[in-house]
> 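Dropping a structure here in structure tokens format, bear with me for questions.
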Amino acid sequence: MTVYVGAGGEQTAHDAHGWLLASRSPVFEAELLAAAKEKVPGGGVRRHVELQGVEPRVFKAMLRYMYTDALPPEMMAAQEQKKAVAMAQGLLAAAHKYKLDRLRLMCEEMLCERVDMDTVAGSLAVAKEHGCQVLEAMCLEFISRPGNLKAVMETEGFEKIKTSCPALLVELLMKRFACRTSEFTIHYQKLAFY
């Protein structure tokens, strides 16, 4: 089976065993059943599938996972955190799309371990978009710490939240307002006590 990933001139071809993809993912199983067939020299038939919405490097990592049940080594490298987080976010989205639940959980766990000022907004957007409640809660908890919301709003990842999850902005602002209200109430109670 040949899997074509990407669109137009940026399309890459990947050879894979259709039976393996179908056994690991119900989405690939359905794709394989509907896949176009082409004759190959020697009288055989080869199926091909075209995938959209997945970057070729992410598909290659997902394919590696489907064969080996392991995350790519570049995701585990501590010195390349920005690349590792970007790959984990892309893989999480692909795992959600192709119903690879274990890969999705592995990526979510890895992203939870790497929540910081530079990654929190992008990870929150991915978590919200793909229903990762643990990652979402971790990101919201990080953002709700004093001083973090303002700093997060100045990051590149915050732009992703504004475009992909506008409802999340309201939730963040409400949390911030709730924190300020409770801070005010505590301060007021302390003053009233004296």
Side-chain angles (χ1 to χ4, degrees), residues 2-16 20-21 24-25 27-28 49-145 147-165 168-169 172:
T2 304
V3 181
Y4 297 99
V5 181
E10 295 184 34
Q11 199 171 49
T12 60
H14 302 270
D15 289 326
L20 179 86
L21 299 183
R24 297 293 300 244
S25 164
V27 176
F28 275 114
V49 174
E50 292 186 28
L51 302 181
Q52 304 294 323
V54 178
E55 293 177 43
R57 67 180 182 84
V58 171
F59 177 76
K60 188 175 180 181
M62 183 175 71
L63 191 59
R64 173 188 160 82
Y65 165 79
M66 292 175 84
Y67 274 91
T68 66
D69 213 34
L71 294 174
E74 60 267 19
M75 273 181 60
M76 307 318 285
Q79 68 272 19
E80 304 253 353
Q81 178 160 318
K82 195 170 188 174
K83 286 182 180 179
V85 168
M87 176 61 80
Q89 290 171 349
L91 264 177
L92 190 146
H96 180 255
K97 181 177 183 173
Y98 294 102
K99 300 191 184 319
L100 297 167
D101 295 334
R102 185 167 185 278
L103 176 59
R104 184 174 161 265
L105 289 172
M106 291 168 74
C107 291
E108 183 176 8
E109 179 182 1
M110 185 262 189
L111 289 169
C112 283
E113 293 169 358
R114 295 185 179 185
V115 171
D116 64 23
M117 199 59 71
D118 295 325
T119 64
V120 69
S123 291
L124 179 57
V126 168
K128 191 71 170 175
E129 192 173 336
H130 301 291
C132 300
Q133 295 171 345
V134 173
L135 179 58
E136 182 181 344
M138 176 88 56
C139 292
L140 288 173
E141 188 274 326
F142 180 86
I143 289 172
S144 66
R145 293 179 193 159
N148 282 1
L149 179 59
K150 185 177 179 182
V152 168
M153 290 174 77
E154 296 170 5
T155 65
E156 289 177 28
F158 191 74
E159 292 301 315
K160 187 173 184 179
I161 290 176
K162 286 183 0 186
T163 58
S164 66
C165 305
L168 189 54
L169 285 176
L172 286 173

> Hey, what do you get for CD (Q81) to CD (E113), rounding to the nearest 0.5 Å?
10.5 Å

> To the nearest 0.5 Å, what is the distance between NZ (K60) and NE2 (H14)?
7.5 Å

> Within the 4.5 Å heavy-atom criterion, are V3 and L21 side-chain neighbours or not?
yes

> Any idea which heavy atoms bring G6 and Q52 closest together, and the distance?
O-NE2, 3.2 Å

> Starting at CG of L51, measure out to CE of M62 and round the result to the nearest 0.5 Å.
6.5 Å

> Are M106 and L91 side-chain neighbours, meaning at least one heavy-atom pair lies under 4.5 Å?
no

> Between V5 and Q11, is there a side-chain heavy-atom distance shorter than 4.5 Å?
no

> To check you understand the geometry: which heavy-atom pair defines the closest contact between G131 and R104, and what is its length?
O-NH2, 2.9 Å

> Count the heavy atoms of every other residue, nucleotide or ligand shown that sit under 6.0 Å from NZ of K97, and state whether that count exceeds 12.
yes

> Could you report the tightest heavy-atom contact between L135 and S123, atom names first, then the distance?
CD2-O, 3.8 Å

> Does Y98 reach the side chain of L103, with side-chain heavy atoms less than 4.5 Å apart?
no

> Sort out for me which residue in V115, T119, L140 forms a side chain to side chain contact (heavy atoms under 4.5 Å, CB included) with L124.
L140

> First locate atom NE2 of H96, then atom SG of C107, and finally report the distance between them rounded to the nearest 0.5 Å.
13.0 Å

> Can you find a pair of side-chain heavy atoms, one from M138 and one from C132, that are under 4.5 Å apart?
no

> Taking 4.0 angstrom as the limit, do D69 and R24 come out as a salt bridge?
yes

> How far does CG of L105 sit from CG of L100, to the nearest 0.5 angstrom?
11.0 Å

> Between E141, K128, H130, which is the residue that forms a side chain to side chain contact (heavy atoms under 4.5 Å, CB included) with E136?
K128

> Is any side-chain heavy atom of M66 closer than 4.5 Å to one of F28?
yes

